[in-house]
Trainee: 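Before I ask anything, let me first share the structure, which is written out below as structure tokens.
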Amino acid sequence: MATEASEPAAIDGICDPRFAAVRDAFAANFVLHGEVGAAVTISVGGRVVVDLWGGFSDGARRRPWQRETMVNVFSVSKALSALCVHRLVERGLLDLDAPIARLWPGFAAAGKDAITPRQLLAHRAGLPAIRAALPEGAMLDWPRMVAALEQQAPWWTPDSAHGYHVNTFGFLVGELVRRATDKTIGHVLRDEVAGPLGADVHIGVPAREHARIAEFLWTMPVPPAPGDPARLSEEHALQWNTYFNPPGISGSSGWVNSTAWREAEVPSTNGHASARGIARVFAALAVGGTIEGVHVLAAPTLAAATSEHSSGTDFVLLRPSRFGLGFQLTQLERPLGPNPGAFGHFGSGGALGFCDPETGLAFGYVMNHMGPRWQNPRNHALIEAAYASL
């Protein structure tokens with residue numbers, strides 16, 4: 001995506017001299033790639049070597065980005081959600097290979113009785129969209145979304161293919177977490193991961209924290225409604241419903257900056273975080289799942305969660321994708337550095353959290369101006385600079 005060059009932004013924070021190339025790349029993103037406000041944090045072996053922020057947290061460019069600014073990170077939220085699920089697996093509260101319907105009986109409807117959490121986490125369940133039209137804002141109504149997913153038949157034979165569950169993933173795994181613990185996934189994340197780690201990551205942000213959330217500048221046009229959904233081809237119906245049913249489910253049409261969106265739990269899409277918070281979570285995963293005495297996941301659980309379960313052409317994205325169990329894995333078309341064991345998750349427009357166990361590197365990047373969803377020059381430049389500095 002071509003952007004006009006702009007003036008250099010004021011950059012604040014710390015940067016180990018060895019990682020000066022990251023600071024240079026971060027500053028260049030404002031000049032060359034349309035960055036408005038952003039932050040990047042990198043740690044190696046648990047030691048923070050880069051913690052930079054710059055630009056503005058609003059479209060009017062009146063509020064400078066601060067050390068504690070956080071922003072919607074879209075699908076980086078899926079990695080946080082998956083982490084909560086794997087903690088329950090580790091404790092014996094969820095069985096990856098038992099039918100979901102054993103824990104959630106209503107899920108068995110419409111031919112879903114044999115689908116397992118493993119298939120769901122690997123984006124193989126065939127449930128990336130809801131076909132029945134829902135009203136705008138329905139994504140904030142958890143019981144309504146769960147009921148719609150109960151009635152939804154798979155779009156393809158489960159486990160026969162994989163397709164990115166863009167917005168449904170969070171409701172599906174979130175309902176599993178709720179039934180296993182009687183807590184929402186946002187509460188599990190807060191109490192069991194973010195709190196113990198001191199990581200500034202949230203699914204559902206309390207009102208007292210909203211003042212430090214950056215405005216997200218959604219620059220992608222929302223296509224017009226397709227008319228009679230019954231007249232759409234199956235492929236177009238899948239695409240439309242994945243991203244726009246209910247309207248606003250992806251955060252578009254102004255929803256991403258609303259109070260209701262920030263307070264709700266839309267676990268695939270509306271996680272809010274600072275770059276520091278994301279890097280802190282992945283710092284624990286980079287060193288085997290425990291850092292500074294805080295246990296996040298056991299090493300064998302983490303290894304199983306990040307082993308390849310899906311790869312090749314994605315039934316929804318129509319391009320290559322590669323997944324473990326809830327985590328994106330590095331791939332040739334969109335690498336997370338040069339090493340094969342790297343894993344994490346991208347977020348719409350460029351946000352990214354990942355780690356590389358081989359080097360102990362953990363990486364968090366957040367921004368508030370929508371960039372390319374697929375191959376993003378801003379996060380790519382930061383990754384390249386990070387590895388050039390090791």
Trainee: Between Asp95 and Arg102, is the salt bridge (charged side-chain N to carboxylate O under 4.0 Å, His left out) condition met? List the steps.
Mentor: CA-CA 10 Å; Asp95 182 341; Arg102 289 189 188 174; 5.6 Å; no
Trainee: Ala122 and Ser310: which non-hydrogen atoms are nearest, and at how many Å?
Mentor: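 Smallest interatomic distance, heavy atoms only, reads O-OG, 2.8 Å.
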Trainee: Trp255 and Val205: same hydrophobic cluster, using ILVMFWY side-chain contacts below 4.5 Å?
Mentor: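 Looking at the clustering, Val205 is in a separate group from Trp255.
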Trainee: Parallel, tilted or perpendicular, judged at 30° and 60°: which one describes the rings of Phe30 and Phe26?
Mentor: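 Perpendicular.
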Trainee: Specify the closest pair of heavy atoms between Ala39 and Ala275, including all atoms of both residues, with the distance to one decimal.
Mentor: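 What the structure gives for the nearest pair is O-CB, 3.5 Å.
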Trainee: When you measure from the side chain of Glu263 to the backbone N and O of Gly204, does any donor-acceptor pair fall under 3.5 Å?
Mentor: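 Not at all, since once roles are kept as given, no pair shorter than 3.5 Å links the two residues.
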Trainee: Can you confirm whether Ser348 sits close enough to Met370 that some side-chain heavy atom of one is under 4.5 Å from a side-chain heavy atom of the other?
Mentor: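 Yes, at least one pair of side-chain atoms sits under 4.5 Å.
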Trainee: Given the rule in the salt bridge (charged side-chain N to carboxylate O under 4.0 Å, His left out) test, do Arg62 and Glu215 qualify, once you have shown the distances and angles that lead to the verdict?
Mentor: CA-CA 11 Å; Arg62 293 173 181 163; Glu215 177 187 8; over 6 Å; no
Trainee: To the nearest 0.5 angstrom, please state how far the CD atom of Glu90 sits from the NE2 atom of His295.
Mentor: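 Atom-to-atom, Glu90:CD and His295:NE2 are 3.5 Å apart.
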Trainee: As a quick check of understanding, evaluate ring pair (Phe, Tyr, Trp, His ring centres under 6.0 Å) for His123 and Phe169, giving each step before the final call.
Mentor: CA-CA 8 Å; His123 297 271; Phe169 179 91; 5.0 Å; yes
Trainee: So do Phe363 and Ile278 actually touch side chain to side chain, heavy atoms under 4.5 Å?
Mentor: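 Ile278 does not reach Phe363 side chain to side chain.
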Trainee: Is the closest side-chain heavy-atom distance between Val49 and Arg18 below 4.5 Å?
Mentor: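 Heavy-atom side-chain distance check fails, nothing below 4.5 Å.
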Trainee: Strictly by modelled atom types, are Ser57 and Arg63 linked by a side-chain donor-acceptor pair under 3.5 Å?
Mentor: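 Yes.
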Trainee: Can a donor-acceptor pair be found, under 3.5 Å and without considering hydrogens, that links the side chain of Asn167 to the backbone of Thr242?
Mentor: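 At least one qualifying donor-acceptor pair exists.
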Trainee: If only side-chain N and O atoms count, and only distance matters, is there a donor-acceptor pair under 3.5 Å linking Thr259 with His210?
Mentor: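 Looking only at side-chain atoms, Thr259 and His210 do not form any donor-acceptor pair under 3.5 Å.
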Trainee: Just so I know, are the side chains of Pro128 and Leu238 near enough to count as touching, which here means a heavy-atom distance under 4.5 Å?
Mentor: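 Yes, side chains in contact.
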Trainee: Specify the closest pair of heavy atoms between Val366 and Ala273, including all atoms of both residues, with the distance to one decimal.
Mentor: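 Heavy atoms of Val366 and Ala273 come nearest at CG1-O, 4.1 Å.
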Trainee: With a 4.5 Å cut-off on side-chain heavy atoms, are Phe19 and Val44 touching?
Mentor: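 With C-beta onward as the side chain, the pair touches.
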Trainee: Is the shortest side-chain heavy-atom distance between Arg262 and His272 below 4.5 Å?
Mentor: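 The answer is yes; the side chains approach within 4.5 Å.
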Trainee: Within the side chain of Ser81, is there an N or O that forms a donor-acceptor pair under 3.5 Å with the backbone of Pro267?
Mentor: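 Yes; judged by distance alone, with no hydrogens or angles, the pair exists.
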Trainee: Any link between Ile291 and Leu83 through a network of hydrophobic side chains (Ile, Leu, Val, Met, Phe, Trp, Tyr) touching at under 4.5 Å?
Mentor: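 Ile291 and Leu83: one cluster.
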Trainee: State, to 0.1 Å, how close His369 and Gly34 come at their nearest heavy-atom pair, and which atoms those are.
Mentor: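 What the structure gives for the nearest pair is ND1-O, 2.9 Å.
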Trainee: Is it the case that more than 12 heavy atoms not belonging to Asp182 sit under 6.0 Å from its CG atom?
Mentor: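 Check fails, neighbour count at 12 or below.
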Trainee: Hey, are Asn270 and Ser77 close enough side-chain-wise for a donor-acceptor pair under 3.5 Å?
Mentor: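 Distance-only check fails for Ser77 and Asn270.
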Trainee: Applying salt bridge (charged side-chain N to carboxylate O under 4.0 Å, His left out), run through Glu265 and Arg178 and close with a yes or a no.
Mentor: CA-CA 12 Å; Glu265 294 190 19; Arg178 191 186 71 80; over 6 Å; no
Trainee: Indicate yes or no: at least one non-hydrogen side-chain atom of Ile14 is less than 4.5 angstrom from one of Val50.
Mentor: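 No, their side chains stay 4.5 Å or more apart.
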Trainee: Between Glu333 and Trp374, is there a side-chain donor-acceptor contact under 3.5 Å, judged purely by atom types and distance?
Mentor: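 Looking only at side-chain atoms, Glu333 and Trp374 do not form any donor-acceptor pair under 3.5 Å.
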Trainee: Can you list the residues that meet the ring-ring contact (aromatic ring centres under 6.0 Å, His included) rule with Tyr387, with sequence neighbours excluded?
Mentor: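 Here no residue qualifies.
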Trainee: Could you grab the distance from atom CZ of Arg124 to atom OG1 of Thr157, nearest 0.5 Å is fine?
Mentor: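 Here the rounded value is 11.5 Å.
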Trainee: What verdict does the side-chain contact (heavy atoms from CB on, under 4.5 Å) test give for Gln66 and Asp12, after you've listed the backbone C-alpha separation in whole Å, the side-chain angles of each residue and the deciding distance to 0.1 Å?
Mentor: CA-CA 9 Å; Gln66 305 285 348; Asp12 206 344; over 6 Å; no
Trainee: With Val296 as reference, evaluate Leu285, Val281, Thr290 under the side-chain contact (heavy atoms from CB on, under 4.5 Å) test and give the passing residue.
Mentor: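 Exactly one pass, corresponding to Leu285.
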Trainee: Would you say the side chains of His187 and Thr184 form a donor-acceptor pair under 3.5 Å?
Mentor: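 Yes, a side-chain donor-acceptor pair sits under 3.5 Å.
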Trainee: Between atom CZ of Phe74 and atom OG1 of Thr269, what is the distance when rounded to the nearest 0.5 Å?
Mentor: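 Phe74 CZ to Thr269 OG1: 8.0 Å, rounded to 0.5 Å.
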Trainee: So how far is it from Ile249 CD1 to Trp261 CH2, rounded to the nearest 0.5 Å?
Mentor: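 Rounded to the nearest 0.5 Å, the CD1-CH2 separation comes out at 7.5 Å.
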Trainee: Does Trp142 belong to the same Ile/Leu/Val/Met/Phe/Trp/Tyr cluster as Val173, with side-chain heavy atoms less than 4.5 Å apart forming each link?
Mentor: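 They do share one cluster, since a chain of ILVMFWY contacts under 4.5 Å joins Trp142 to Val173.
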Trainee: Taking the cut-offs as 6.0 angstrom to the six-membered ring centre and 45 degrees off its axis, would you call Arg378 and Tyr365 a cation-pi pair?
Mentor: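 Arg378 over Tyr365 ring: no.
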Trainee: Could you tell me if Ser75 and Lys78 have a donor-acceptor pair between their side chains, going purely by distance under 3.5 Å?
Mentor: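 Yes, Ser75 and Lys78 have a side-chain donor paired with an acceptor closer than 3.5 Å.
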Trainee: Taking Asp314 for the side chain and Pro320 for the main chain, is one N or O donor matched with an acceptor at less than 3.5 Å?
Mentor: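 Flag not set: sc Asp314 to bb Pro320 has no pair under 3.5 Å.
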Trainee: With a 4.5 Å cut-off on side-chain heavy-atom distances among I, L, V, M, F, W and Y, is there a chain of contacts connecting Ile213 to Val73?
Mentor: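 Each belongs to a different hydrophobic cluster.
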Trainee: For Asn368 and Ala214, indicate whether the former's side chain and the latter's backbone hold a donor-acceptor pair under 3.5 Å.
Mentor: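 Answer holds: no.
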Trainee: Would you say the side-chain atoms of Glu234 and Trp155 include a donor-acceptor pair closer than 3.5 Å?
Mentor: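 No, because no side-chain N or O of Glu234 sits under 3.5 Å from a partner of the opposite role on Trp155.
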Trainee: Roughly how far, to the nearest 0.5 Å, is the CD atom of Gln119 from the NZ atom of Lys112?
Mentor: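 With rounding to 0.5 Å, NZ (Lys112) is 13.0 Å from CD (Gln119).
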Trainee: Nearest heavy-atom pair of Pro357 and Gly341: which atoms, and what distance?
Mentor: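 For Pro357 and Gly341, the tightest heavy-atom pair comes out as CD-O, 3.6 Å.
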Trainee: Output yes when Asp16 and Arg47 qualify as a salt bridge under the 4.0 Å nitrogen-oxygen rule, no when they do not.
Mentor: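 Answer for the salt bridge query: yes.
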Trainee: Any donor and acceptor pair, going by atom type alone, linking the side chain of Asn339 with main-chain N or O of Asp356 inside 3.5 Å?
Mentor: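 It does not hold such a pair.
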Trainee: Determine yes or no for a side-chain-to-main-chain donor-acceptor pair under 3.5 angstrom, with Gln152 supplying the side chain and Arg131 the backbone.
Mentor: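 Yes; at least one donor-acceptor contact below 3.5 Å.
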Trainee: For the atom pair OG1 (Thr41) and CG (Leu52), what is the distance rounded to the nearest 0.5 Å?
Mentor: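 Between Thr41 OG1 and Leu52 CG, I get 7.5 Å after rounding to 0.5 Å.
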Trainee: Could you please spell out the steps behind the ring pair (Phe, Tyr, Trp, His ring centres under 6.0 Å) verdict for Phe56 and Trp65?
Mentor: CA-CA 5 Å; Phe56 296 91; Trp65 199 283; over 10 Å; no
Trainee: Could you check whether the rings of Trp218 and Phe216 sit parallel, tilted or perpendicular, using 30° and 60° as the cut-offs?
Mentor: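 Rings of Trp218 and Phe216: perpendicular, over 60°.
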Trainee: Looking at side-chain heavy atoms only, is the closest gap between Arg67 and Trp53 below 4.5 Å?
Mentor: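 Arg67 reaches Trp53 side chain to side chain.
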Trainee: Please give me the minimum heavy-atom distance between His165 and Gly163, naming the atom from each residue.
Mentor: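 Closest heavy-atom pair between His165 and Gly163: ND1-O, 2.7 Å.
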Trainee: So, do Tyr164 and Phe323 have ring centers that fall under 6.0 Å from each other?
Mentor: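 Close enough - the centres of the two rings lie under 6.0 Å apart.
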Trainee: Is there a continuous path of hydrophobic side-chain contacts, each under 4.5 Å between heavy atoms, that joins Val48 to Met70?
Mentor: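 No, Val48 does not connect to Met70 through the hydrophobic network.
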Trainee: Whether the His202 and Arg190 side chains hold a donor-acceptor pair (N or O, under 3.5 Å, no angle test) is what I'd like checked.
Mentor: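 No, no side-chain donor-acceptor pair sits under 3.5 Å.
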Trainee: Using salt bridge (charged side-chain N to carboxylate O under 4.0 Å, His left out), reason through Arg276 and Asp51 one step at a time and then give a plain yes or no.
Mentor: CA-CA 7 Å; Arg276 190 180 308 103; Asp51 187 22; 3.0 Å; yes
